[in-house]
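Note that ligands are numbered from 1 as they come in the structure, with each ligand's atoms numbered from 1 the same way.
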Amino acid sequence: MKTQVGIIGAGPAGLMLSHLLHLEGIESVILENRSREEIEGTIRAGVLEQGTVDLLNATGVGERMMREGHIHHGIELQYNGIRHRVNMYELTEGKSVMVYPQHEVIKDLVAERLGAGGKIYFSVSDVSLHDIETDSPKIRFKHDGGEEELVCDFIAGCDGFHGPSRKMIPNRTENQKIYPFGWLGILAKTPIANPELIYSNHERGFALISQRTPEIQRHYIQVDPNDDIANWSDDRIWTELKERVETDGWTLPDGPIIQKNIVSMRSFVCEPMQHGRLFIAGDAAHIVPPTGAKGLNLAMSDVQVLSKGIEMFFKSGSDDLLESYSEIALRRIWKAQRFSWWMTTMLHRDFSHTSFERGIQISELDYVTSSRAALTSLSENYVGLPLEWERAKALQV
Ligand code: RFL
Ligand code: PHB
């Protein structure tokens, strides 16, 4: 089997890359080790930056999102039991975010790719990469019991944090920070609690009130990352959530919990994100703690740069932009890392902190919520920073 770009992973990065390449007349094949049902049913992100929304719309896959998603002009920050609204729309001159679940984005992209004749192999196994330092790298894999080989011009490793691609980059530096925090996330059958998301810093730990549909909501509480979900009855979860977000005169609606799990939190950046004819994108290259709602959005910005580089190669024969892929993508990635680390540090309760450090944390929230300059900085990061195209412009792309 032959194709121009062999893509490993049908997450947001792999699917969007395949879609963008198709729009430029470049052929790709996606290899995914889970089934279509599994990738379309996994609950993850909820918040899309303005740039991600614009990208989905500009490339013809935003129609259902515009119908079923919810545009949010702000968020609320809570500490010491008081809410403070951040009017992002006003502070960023009209930008906003969209609450639309990741698995719905996945469904829209899979439907679009398959509808346009795109090739996605689901439930493959034993994926391995070969000859990435040559002009015809190969991916070997098993599908339907048979051994297959995909010969490509380029390989895009969009296979998430645990995939095989990153490990193929020799001499890479892995920069990492592990947090002493976990997030217990729930999906619950309740009405929408609040028009906007609430990020709450509380003595007992962080809590986040989010939403999905008018009937189903998504909320999170900070827990020990090594805690076992079996220790958390529905009653205990609701009691803890209410304790951390309710204010005088505002109560949190509860209801049956239909899904619950605990995830640990890390910041991670792999440098560089390329070697020979292999390029990695999204969670394969970096992980952010979810407090800044950046992971899916970074996956989308990586593949915009990568697809432009591949397009330039096939249209003009120049690999100038591809050679700069890591450098261009990493500038935005590090800024999103900084923001996600900052939001995480400001909002979570670190039980090893002294009263001095706790005092500084509350004072930071006090400063942020009372300074227009600080609120503007938070807002422009939350709605999404621009792509780093200066280097590309210098290359006259
Ligand atoms: P994905 O989504 O992990 O997709 C990788 C795909 O590769 C497949 N794969 C393989 N395929 C073939 N062979 C192999 N050997 C393979 N190994 C893996 C996997 O099955 C999978 O389908 O990576 P991608 O595309 O880079 O997308 C990244 C995002 O999924 C991730 O960053 C976000 O979910 C992070 N995230 C959030 N991001 C946001 O932008 N906004 C949010 O509000 C937000 N909230 C969150 C989040 C992540 C969370 N969790 C569960 C960690 C909230 C949570 C709780
Ligand atoms: C979500 O709705 O899943 C969500 C919202 C905001 C975040 C993280 C996750 O910062």
Fill in: Protein contact of atom 3 (O) of ligand 2 - nearest heavy atom, named by residue and atom, plus distance
Tyr220 OH, 2.6 Å
Item to complete: Carefully, step by step, assess His202 and Tyr79 under the rule ring-ring contact (aromatic ring centres under 6.0 Å, His included).
Response: CA-CA 6 Å; His202 189 273; Tyr79 63 97; over 10 Å; no
Item to complete: Taking atom types as modelled, find out whether Asn381 and Trp342 have a side-chain donor-acceptor pair closer than 3.5 angstrom.
Response: no
Response to the item:
Numbered in order shown, the ligand 2 atoms found under 4.0 Å of a heavy atom of Ala293 are 7 (C), 10 (O)
Worksheet item: Do Ser200 and Arg83 have a side chain donor and acceptor closer than 3.5 Å?
Response: no
Worksheet item: Any side-chain donor paired with an acceptor under 3.5 Å for Gln217 and Thr190?
Response: no
Practice prompt. Say whether His275 and Asn171, considering side chains only, have a donor N or O and an acceptor N or O under 3.5 Å apart.
Written response: no
Item to complete: Please report which non-hydrogen protein atom sits nearest to atom 2 (O) of ligand 2, along with the residue it belongs to and the distance in Å to one decimal place.
Response: Ser210 OG, 2.6 Å
Practice prompt. Answer yes or no: is there an ion pair linking Glu133 with Arg277, defined by an N-O contact shorter than 4.0 Å?
Written response: no
Discussion item. Which of the numbered atoms in ligand 2 are under 4.0 angstrom from any heavy atom belonging to Leu197?
Written reply: 5 (C), 6 (C)
Practice prompt. Starting from atom 6 (C) of ligand 2, locate the nearest protein heavy atom and write down its residue, its atom name and how far away it is, to 0.1 Å.
Written response: Tyr199 OH, 3.3 Å
Fill in: Region of Thr291 that comes within reach of ligand 2 [heavy atoms, distance under 4.0 Å]
backbone
Worksheet item: Does the ring center of Phe206 lie less than 6.0 Å from the ring center of His348?
Response: yes
Worksheet entry | Contact atoms of ligand 2, heavy-atom distance to Arg212 under 4.0 Å | 1 (C), 2 (O), 3 (O)
Item to complete: Provide, to 0.1 Å, the distance between atom 8 (C) of ligand 2 and the closest protein heavy atom, together with that atom's residue and name.
Response: Pro290 O, 3.3 Å
Item to complete: Any atoms of ligand 2 less than 4.0 Å from a non-hydrogen atom of Val47? List them with their elements.
Response: 5 (C), 6 (C)
Practice prompt. Go through the side-chain N and O atoms of Ser18 and Ser28 and say whether any donor and acceptor fall under 3.5 Å apart.
Written response: yes
Discussion item. Could you check whether any side-chain heavy atom of Met312 comes within less than 4.5 Å of a side-chain heavy atom of Leu322, counting everything from C-beta outward?
Written reply: no
Put together the list of close N/O pairs, under 3.5 Å, between ligand 1 and the protein, could you?
from     : atom 1 : to     : atom 2 : distance (Å)
ligand 1 : 2 (O)  : Arg44  : NH1    : 3.3
ligand 1 : 3 (O)  : Arg44  : NH1    : 3.0
ligand 1 : 11 (N) : Asn33  : N      : 3.2
ligand 1 : 20 (O) : Glu32  : OE2    : 2.6
ligand 1 : 20 (O) : Asn33  : OD1    : 3.2
ligand 1 : 20 (O) : Arg34  : NE     : 2.9
ligand 1 : 22 (O) : Glu32  : OE1    : 2.7
ligand 1 : 22 (O) : Glu32  : OE2    : 3.3
ligand 1 : 22 (O) : Arg34  : NH2    : 3.2
ligand 1 : 25 (O) : Pro12  : N      : 3.1
ligand 1 : 25 (O) : Ala13  : N      : 2.9
ligand 1 : 26 (O) : Asp283 : N      : 2.8
ligand 1 : 30 (O) : Arg44  : NH1    : 3.4
ligand 1 : 30 (O) : Gln102 : NE2    : 2.7
ligand 1 : 32 (O) : Asp283 : OD1    : 2.7
ligand 1 : 32 (O) : Asp283 : OD2    : 3.3
ligand 1 : 32 (O) : Gly295 : O      : 3.4
ligand 1 : 32 (O) : Leu296 : N      : 3.3
ligand 1 : 34 (O) : Arg44  : NE     : 3.4
ligand 1 : 34 (O) : Gln102 : OE1    : 2.7
ligand 1 : 38 (N) : Gly295 : N      : 3.2
ligand 1 : 38 (N) : Leu296 : N      : 2.9
ligand 1 : 40 (O) : Ala293 : O      : 3.3
ligand 1 : 40 (O) : Gly295 : N      : 3.2
ligand 1 : 40 (O) : Leu296 : N      : 2.8
ligand 1 : 40 (O) : Asn297 : N      : 3.2
ligand 1 : 40 (O) : Asn297 : ND2    : 2.9
ligand 1 : 41 (N) : Val47  : O      : 3.3
ligand 1 : 41 (N) : Ala293 : O      : 3.3
ligand 1 : 43 (O) : Gly46  : N      : 3.2
ligand 1 : 43 (O) : Val47  : N      : 3.2

Practice prompt. Give a yes-or-no answer on whether the side chains of Ser301 and Arg332 include a donor-acceptor pair shorter than 3.5 Å.
Written response: yes
Discussion item. Just to check, does Arg44 reach to within less than 4.0 Å of ligand 2 when the distance is taken from its heavy atoms?
Written reply: yes
Worksheet item: For Trp183, is the nearest heavy atom under 4.0 Å from an atom of ligand 2?
Response: yes
Worksheet entry | Mutual orientation of the aromatic rings belonging to Tyr179 and Phe181 [parallel < 30°, tilted 30-60°, perpendicular > 60°] | parallel
Worksheet item: Would one find an N or O of Gln211, backbone or side chain, under 3.5 Å from an N or O of ligand 2?
Response: no
Item to complete: From the options Arg113, Arg64, Arg67, select the one residue that forms a salt bridge (charged side-chain N to carboxylate O under 4.0 Å, His left out) with Asp108.
Response: Arg64
